[in-house]
Amino acid sequence: MASKTTNPFTFLQQVRQETSKVTWPSRRETLISTAMVLIFAFLAAIFFFAADQIMALGVELILGIGR
C-alpha cells in the first residue's frame, strides 16, 4: 500500500482538531475514579494475600513442607 505523507504542520493541526473533540473528565470524576482504583487494588491485594496464606497453610498441613 502506498502511504500518503502529510507535512508536520498539517499533522499538528489535525491532532489539535481531534483533541478538541475529546470529552475530558472533570476534576471530581478523575478523583473519584482514582480513589476507586486505589481501593479496589488494595482489596485485591488483601484477597490475594489471604488466599496465598491459606494455600501455604494447606500445603504445609498436607505435605509437611514449607515455611
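Here the structure is a predicted model, which is why all the values come from computation and not from measurement.
Hydrophobic cluster membership for Leu38: none, as no Ile, Leu, Val, Met, Phe, Trp or Tyr side chain comes under 4.5 Å of it. Taking Ile, Leu, Val, Met, Phe, Trp and Tyr as members and joining any whose side-chain heavy atoms lie under 4.5 Å apart, directly or through other members, the hydrophobic cluster of Val15 also contains Phe11, Leu12. Here Met55 is tied to no hydrophobic group at all, with no ILVMFWY side chain closer than 4.5 Å. Applying the under-4.5 Å side-chain rule to Ile, Leu, Val, Met, Phe, Trp and Tyr, the cluster around Val22 extends to Trp24.
The side chain to side chain contact (heavy atoms under 4.5 Å, CB included) search around Leu43 returns Ile39, Phe40, not counting sequence neighbours. Residues passing the side chain to side chain contact (heavy atoms under 4.5 Å, CB included) test with Ile62, sequence neighbours excluded: none. Under the rule for a side chain to side chain donor-acceptor pair (under 3.5 Å), the partners of Thr10 that lie at least two apart in sequence or sit in another chain are Asn7.
Residue pairs satisfying the salt bridge (Lys or Arg N to Asp or Glu O under 4.0 Å) criterion with at least one member in residues 12-25, sequence neighbours excluded, are listed as follows: Glu18-Lys21.
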Can I get a per-line list of side-chain donor-acceptor pairs under 3.5 Å for residues 25-32, giving both atom names and the distance, sequence neighbours left out?
| residue | atom | partner | partner atom | Å |
| --- | --- | --- | --- | --- |
| Ser26 | OG | Glu29 | N | 3.2 |
| Glu29 | OE1 | Ser26 | N | 2.9 |
| Thr30 | OG1 | Ser26 | O | 2.9 |

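The line from CG of Asp52 to CZ of Phe47 is 11.0 Å long, rounded to the nearest 0.5 Å.
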